[in-house]
**Q** 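Encoded as structure tokens, here's the structure I'll be asking about.
The figures here come from the full heavy-atom set of this structure, side chains too, leaving out hydrogens, waters and symmetry mates.
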Amino acid sequence: MGTTQGSVRWGIERRLEFIEFRLFWEGHVNRGDLMAAFGISINQASTDLNRYLGMAPGNMVYDKSARTYVRGDRFEPLFLKPDPASYLSQLRSISDSIVSQEETWIGQMPAFDTVPSPVRGIDAHTLRRVIEAIRTRQALEVEYQSLSNPAPRWRWIAPHAIAFDGFRWHARAYCFTDGCFKDFLLARILGIRATRPSDIDASRDVDWHTHVTLEIGPHPGLSDVQKKVIALDYGMRDGKVSITVREALLYYTLKRLGLDTDPAARNPADQQIVLLNREAINGLRQRTSTS
């Protein structure tokens, strides 16, 4: 937070940020909102609202008929940086039953829905063991079911990170069987029966530590008007936008964006975007391996 709030204690600052969240996204806030969100007394809630009024008198006014504070015409947030991605991610988390509405700051949810994704069967104890192994530099003997073998096999891996490809969570690990760094889907780890100290240096995972910049632009087969619409959708400037990804996640990124095939193979209205630096990306040596 800025110097204006430097002397405000953290707990109070969170409540003042909450006041701004409700004012910005919902247009109003009252004592009951603060009491429900933070479990504070009515006197403390009144004190917080009065403190906020003293710091930002133009940001909210009291509506006597509604018995609530409403957003002022000159509203300028002091504590909150309005973030659409954060707000929408809260809605998605509620939809996915990751959190309840009461665990977020959203008081009045808009009507919404999300496209459902298949539930990935990740075992909590497996995830905990993988995270512990990353933190303590341990190798794990895991029973893993890969697509290349009909039956699961036991193997030693040394995980150093986890990654999400947009649909599934992976453990990025050194595989002692294959002698290289690979991705292991957490849902395919069926069991863990042993651990041992690992001397694998994660900095050797070149794909993980190498970043690649993708230049994305509207599909050339679109009309000029359609290109402007796509540019707006993706926040493009001068007909392109840059996305930086780890080379280890390049395969998943291209696949998720539909950029892993020749753009001429799909209808422009369906594909919508193309990879402008395709030659450079195709020229990269694809070292990433997935089990």
Side-chain angles (χ1 to χ4, degrees), residues 1-117 119-120 122-125 127-132 134-136 161-164 166 169 186 235:
M1 298 300 168
T3 56
T4 304
Q5 304 83 15
S7 61
V8 181
R9 295 195 305 274
W10 181 85
I12 298 174
E13 185 175 302
R14 286 287 288 170
R15 297 197 296 271
L16 298 180
E17 185 180 351
F18 171 84
I19 290 172
E20 287 194 335
F21 181 94
R22 286 292 178 89
L23 288 172
F24 182 85
W25 292 110
E26 301 181 13
H28 56 84
V29 66
N30 59 34
R31 292 180 302 185
D33 296 332
L34 284 161
M35 294 165 63
F38 296 96
I40 58 177
S41 68
I42 188 170
N43 290 336
Q44 182 62 66
S46 296
T47 298
D48 289 336
L49 289 167
N50 287 328
R51 178 182 283 111
Y52 185 78
L53 270 174
M55 301 179 72
N59 276 7
M60 68 180 187
V61 295
Y62 189 69
D63 185 331
K64 292 182 179 180
S65 62
R67 301 180 67 182
T68 189
Y69 287 94
V70 297
R71 184 175 59 237
D73 294 335
R74 295 179 291 125
F75 179 84
E76 288 291 340
L78 291 177
F79 296 88
L80 176 76
K81 183 179 180 181
D83 183 2
S86 176
Y87 182 88
L88 295 174
S89 69
Q90 290 186 59
L91 291 182
R92 182 173 180 180
S93 294
I94 293 170
S95 176
D96 291 343
S97 298
I98 296 173
V99 299
S100 66
Q101 181 182 350
E102 291 72 24
E103 293 175 287
T104 72
W105 284 2
I106 299 174
Q108 296 178 316
M109 289 201 304
F112 80 99
D113 205 346
T114 61
V115 176
S117 298
V119 176
R120 304 295 178 180
I122 299 175
D123 179 75
H125 295 286
L127 176 60
R128 185 187 66 186
R129 297 283 296 276
V130 170
I131 292 173
E132 287 177 347
I134 293 171
R135 185 171 58 246
T136 59
I162 57 176
F164 185 61
W169 281 96
L186 292 176

**Q** Quick check: closest heavy atoms across A45 and M35, and the distance to 0.1 Å?
**A**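 Closest approach of A45 to M35: CB-CG, 3.9 Å.
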**Q** What is the ring orientation for F18 with F38, classed by angle as parallel under 30°, tilted 30 to 60°, or perpendicular over 60°?
**A**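 Perpendicular: the ring planes of F18 and F38 meet at over 60°.
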**Q** Ring-plane angle category for W169 and F164, please: parallel below 30°, perpendicular beyond 60°, tilted otherwise.
**A** tilted
**Q** Please check: side-chain N/O of S95 versus main-chain N/O of L91, any donor-acceptor pairing under 3.5 Å?
**A**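 Side chain of S95 to backbone of L91, a donor-acceptor pair under 3.5 Å: no, none is there.
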**Q** Rounded at 0.5 Å granularity, tell me how far CZ in R92 sits from CD1 in I94.
**A** 13.5 Å
**Q** Applying side-chain contact (heavy atoms from CB on, under 4.5 Å) to Q108 and H28, what does each step give before you reach the verdict?
**A** CA-CA 11 Å; Q108 296 178 316; H28 56 84; 3.2 Å; yes
**Q** Should L49 and V29 be marked as a side-chain contact (heavy atoms from CB on, under 4.5 Å) after you check the CA-CA gap, both sets of side-chain angles, and the distance that decides it?
**A** CA-CA 9 Å; L49 289 167; V29 66; 4.2 Å; yes
**Q** Would you say that more than 12 heavy atoms from the other residues, nucleotides or ligands in this model lie under 6.0 Å from the CG of N50, or not?
**A** yes
**Q** The test is side-chain contact (heavy atoms from CB on, under 4.5 Å); show your working for W105 and E26 and say whether it passes.
**A** CA-CA 11 Å; W105 284 2; E26 301 181 13; over 6 Å; no
**Q** Do the side chain of R71 and the main chain of L23 share a donor and acceptor less than 3.5 angstrom apart?
**A** yes
**Q** Please give me the minimum heavy-atom distance between Q101 and I106, naming the atom from each residue.
**A**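 Residues Q101 and I106, closest heavy atoms: NE2-O, 3.3 Å.
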**Q** Do S100 and E103 get their side chains close enough for a donor-acceptor pair, meaning under 3.5 Å?
**A** yes
**Q** Atom CD in E17, atom NZ in K81: separation rounded to 0.5 Å?
**A**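 Separation between the atoms: 12.5 Å.
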**Q** Parallel, tilted or perpendicular, judged at 30° and 60°: which one describes the rings of F79 and Y52?
**A** tilted
**Q** Using side-chain contact (heavy atoms from CB on, under 4.5 Å) as the criterion, point out the one residue from I19, L53, N30, D63 that pairs with Y69.
**A**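 The option that passes is L53.
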**Q** Give me the atom names and distance for the closest heavy-atom approach of L16 to D48.
**A** CD2-O, 3.6 Å
**Q** Rounded to the nearest 0.5 Å, what separates atom CG in L127 from atom CD1 in I162?
**A** 6.0 Å
**Q** Might you point out which heavy atoms bring P82 and L80 nearest each other, and give the distance in Å?
**A** CD-O, 3.3 Å
**Q** If you measure from CD1 on I131 to CZ on R135, what distance do you get to the nearest 0.5 Å?
**A** 7.5 Å
**Q** For the atom pair CZ (F21) and CD (Q90), what is the distance rounded to the nearest 0.5 Å?
**A**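 The distance works out to 4.5 Å.
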**Q** First locate atom CG of L186, then atom CZ of R129, and finally report the distance between them rounded to the nearest 0.5 Å.
**A**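 Going from CG on L186 over to CZ on R129, the span is 13.5 Å.
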**Q** For Q44 and L34, run side-chain contact (heavy atoms from CB on, under 4.5 Å): C-alpha distance rounded to whole Å, both residues' side-chain angles, the deciding distance at 0.1 Å, then the answer.
**A** CA-CA 9 Å; Q44 182 62 66; L34 284 161; over 6 Å; no
